Amino acid sequence: FLSFPSGSRNFRNSPPITLQSDQAAWPLRPLFAAPQEPIAFVSSLSADQELESALSEVTKSALSKLPAGTSAVSLAIISVSSSYDTQSSMAVVVPAIVAQAQAQGVTIENLIGSTAGGVIGGVSNQNGDEDTVECEGIPAVSLTLTSLPDVSVEAWHISESEVPDMEYAETYSEGDWLKYLKKLEPESEEEEEDPKNIYMIAGGNFQKFLDHFLKGVDLAFPSAVKFGSVASTVSSLSKARIYSYSHKNPDSLGIFNSGIVGVTMTGDITVKPMIAQGARVVGPTYKVVDGNDSIVRSIVLDETLGSESTIEKAKESDSELKRAEKKMAEDMSKLPKPVLAEVNMMVKRLDDDEQAFMKRALLIGVERNFDETTTVGNTVKEFESLATGKGHSYLVRQVASAGMRDGSVTMPKGSVDICPGMRLRFFVRDSEGAKEELAALWTGYKKIALEEAFEGKTMFRPAACLTLPTMDRGQKLFGDRPGSGGLESGIVTEYLGSRVSNSGCFNNGVFASLDPGVCSETSVFGSAGLHVVIGPKSDRHVWGSEGFEGSEQTADDSDPAPVSPSLKKVAAPRDEDGELVLKRREVQSGRAISVSTINWSVAGKEAVPTSQLEYFLWEKETEVDRLRERNPLANILSNCKAFMMNPENAKTLDWVGAIRKSSESGLATIPEFKRADPNIGSLRKRYLITQLADEFKEGGAAALSVNCDGVMFGGSPEDLENVREACPNLPLLASDLIIYPYQIYKLRMSGADAINLVAAASTPKDILYSAKIGKSLGLQVCVCVNSVAQFKKLENLDAGVIDAISCSNREWEDMSLDATGQRAIGILKSAELKTLREKHPDLVVLIEGGVSTEAYLDEVAEAGAEGVIIGSGLSSALALQAGRSIKRN
Ligand SMILES: O=C(O)c1ccccc1NCC(=O)[C@H](O)[C@H](O)COP(=O)(O)O
């Protein structure tokens, strides 16, 4: 029988196989071939608070997922949250993993890894399937173990002193670099022919050398696939570390504070890195008129090119000539302009969100593979190009500095090579664009894989994806819930299936070539998502994938890996009344905040929010914490006092009185200034406060609500200030998640007449103290309830402490709205509300959340509400009619 050469380190260079005359010709796989050892990638994640327990948990769990009988791990990849730094020595990481594996009879041959601000890894769920979980900013460890038959793997570390002097780096030849990078060469002679795959992780201090170092690696190993990341930390209080261990040198602790670690892999392995730049184009396409190196001085609209040839063509007919001349005149007005002058003009044509994104970071994309002879006339569409698997049309860079005199812009030195004629576009970084880009990137990956299969090439079988986003993605960009399957890893599962190992970490930078499948220049990205798909080069089986349902897998099939005790997926915890149980955010670093008047419950061990409301609460604490750092409570207090001393600001308007008056002639409608909703996203293309204010005034609104929260709803206290200015005579409710007195003082100074307290997020004391502080500032108080049980929290309030109740259709566990609207109506009709009204006869009662149809307005009026707060509904269909003549009970 034919058999694959066993024990050979290099599948491709193994001795030729002789076929017997009656056997099928190569490359058909013989029926009775000895089973090949599969390639295996498995990962595990633990969020245990103790580093040693987390390491033990991930090692045990990952080992249990490997094929039965595995005695050696070719490569282990470890990512450790730097949060542990404050309580444990990070030097225990490598010895702990190596020793535990050894105790189970498994040798770790090579290991690389780093600390990180967040980790990504597999967690076995109750059904024995894998879920990929992203844990940012909390203690967690992710471990990936691999078995790579017929692959030579060598881990290395290069210190800063081993790297040549970067000042002269440009002058080094390929030979010089090969000498410096000797450690990256596989030891075995056999592999010389093979393209190498080099995975590198740079320490924090190495960042300044990275561009030059990678240029050297490109020069020395032009055909190698190179990719990697820069180690990160949760906060600046901890130190970035990198790990590298080789069984050949078992005495090494494997931990380094500086330099770069890596692993060279050669043999039966294919590595496909893909970069998502996290940016989408805005505005038209330009051409560089004047620029060189990394500087662009002037640009011109791309469309201007070609008008002279239009005139040439049009000479035959008079009318066409006139049209062409007119076009030429128009084009002449589009003369080359300094980049900043064009930015200033272009930005005005963008919608609000785009303007805000652009002001945050000026991103410029320069055309890639620029060739003057071929690119003129073809406007390249970035995401279309990605979706066809052709890669990026533009290399996006953030502008490093701008010349205020000549209007030029300069990108980071060495990161681009500008030439006149090159196309250029402006980009913005937003979550929608980043999602679209990821989808296009993976569509392109799938397309190429299918094309290769149709061409009869060996079908690539993915065994793993290393998911390596930068720190500004994850929760910050996509709003992912920490401890859940995030968007970045979720898209991998969507395209590769849940049986392909999916692990990685959040980084301070990533690097790879922008061209999928081509070993071109390796570029460093400060903000990007790197996805690295790995599989065998041959048609070798992949452990755990669909294609490998053989007898080899039975050991693990019958004994699924244990569910990670630290990360079970469960519904949000609730108390005996069905209310969400909320904990205070755990402070991982920096000082803890204590506010004497607010009594918070104490956090448990688990630092993963269990509901959207808990997440919202933690984010709000962080937001206020930052504000307080810039401007302490004592300052805000005295500012507020001074503000109220001014006779213009001494009095607030009667929000409740205005509603009550309006409700005498019908249901009062309270329009809400609201930018976005967590369920819908942005509600308007342009959020023009003055225009909305005019509409609301014309509609006859008696009172208004202003959404001031930025975490969930996209608003801010500045929005309140602008509404105050636009509507000086209309009473305003400041809608925010109020958890500290600090916010109340700020909202008063921003122009609030009333504040909203979320009962689900407050204890009875919170409500009492916040209401009292509000009252001391002349503010009215509306309490938002989304369950009847929350009335218990109001039982002991004296009459007059609160002024309004708003019954909400929102479910705080996931921020969804009850589409039937019955949740709020149930609260409105409850005996508990009736009892409360008896004690507080002056209360006005409102309905909010998803109010959008006339029929529902009739229903709530019928049920006895005085008014409705309408946010999202205003931007869709509902016509605002304040004082509509709907009869109420
Ligand atoms: O508006 C806020 O900032 C806010 C903060 C904390 C809790 C609730 C908050 N808003 C209330 C809402 O949920 C909705 O914006 C309001 O009910 C309007 O809903 P809709 O008509 O569905 O837009």
Side-chain angles (χ1 to χ4, degrees), residues 580 582 611-621 623-624 667-684 687 692 696 701 703-720 723 732-740 743-744 746-747 750 752 754-762 766-767 770 781-787 790 804-821 823-824 827-828 845-853 856-857 860 865 867-880:
L580 288 172
L582 305 171
S611 61
Q612 287 284 347
L613 182 56
E614 195 169 68
Y615 170 66
F616 192 3
L617 206 59
W618 293 0
E619 288 295 305
K620 194 52 87 178
E621 285 187 274
E623 181 185 297
V624 181
L667 187 75
T669 46
I670 301 133
E672 182 164 85
F673 285 83
K674 175 170 175 176
R675 286 177 186 268
D677 187 278
N679 295 311
I680 306 169
S682 240
L683 296 176
R684 293 176 179 80
Y687 185 74
L692 281 175
F696 295 165
L704 300 167
S705 168
V706 186
N707 192 297
C708 301
D709 161 70
V711 179
M712 291 277 176
F713 298 94
S716 68
E718 286 72 48
D719 286 349
L720 181 61
V723 176
L732 308 179
L733 170 77
S735 186
D736 200 345
L737 181 62
I738 294 175
I739 56 175
Y740 292 121
Q743 295 166 277
I744 306 176
K746 244 183 113 58
L747 292 172
S750 300
I755 50 168
N756 191 29
L757 303 177
V758 178
S762 318
D766 295 333
I767 297 173
S770 299
V781 178
C782 174
V783 181
C784 172
V785 287
N786 75 332
S787 79
Q790 285 158 14
I805 290 287
S806 176
C807 309
S808 171
N809 279 311
R810 206 176 277 282
E811 167 51 62
W812 289 109
E813 179 166 352
D814 58 3
M815 299 299 278
S816 61
L817 289 166
D818 174 13
T820 66
R823 179 178 200 133
I827 303 169
L828 179 65
V845 178
L846 311 171
I847 294 279
E848 70 173 296
V851 179
S852 67
T853 64
Y856 190 60
L857 291 182
V860 298
V868 284
I869 298 178
I870 313 179
S872 325
L874 289 172
S875 62
S876 55
L878 190 74
L880 169 71

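As the structure is a computational prediction, the values presented were derived from the model and not from experiment. This chain uses plain numbering: 1 for the first residue, then up along the sequence. Counting starts at 1 for both ligands and their atoms, following the listed order.
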Which atoms of ligand 1 sit under 4.0 Å from any heavy atom of [X]?
X	result
Ser872	20 (P), 21 (O), 22 (O), 23 (O)
Asp709	3 (O)
Gly850	20 (P), 21 (O), 22 (O)

Has the side chain of Asn809 got a donor or acceptor atom that lies under 3.5 Å from a matching backbone atom of Gly850?
no

Main-chain N/O of Phe616 paired to Glu619 side chain as donor or acceptor, under 3.5 Å:
no

Any N or O of [X] that comes nearer than 3.5 Å to an N or O of ligand 1?
X	answer
Trp812	no
Asn756	no
Gly871	yes

Determine whether any heavy atom of Cys708 lies closer than 4.0 Å to an atom of ligand 1.
yes

Gap separating the CG atom of Leu580 from the CH2 atom of Trp812, nearest 0.5 angstrom
10.5 Å

Considering only heavy atoms, does [X] approach ligand 1 within less than 4.0 Å through its side chain, its backbone, both, or neither?
X	result
Met712	neither
Asn809	neither
Phe673	neither

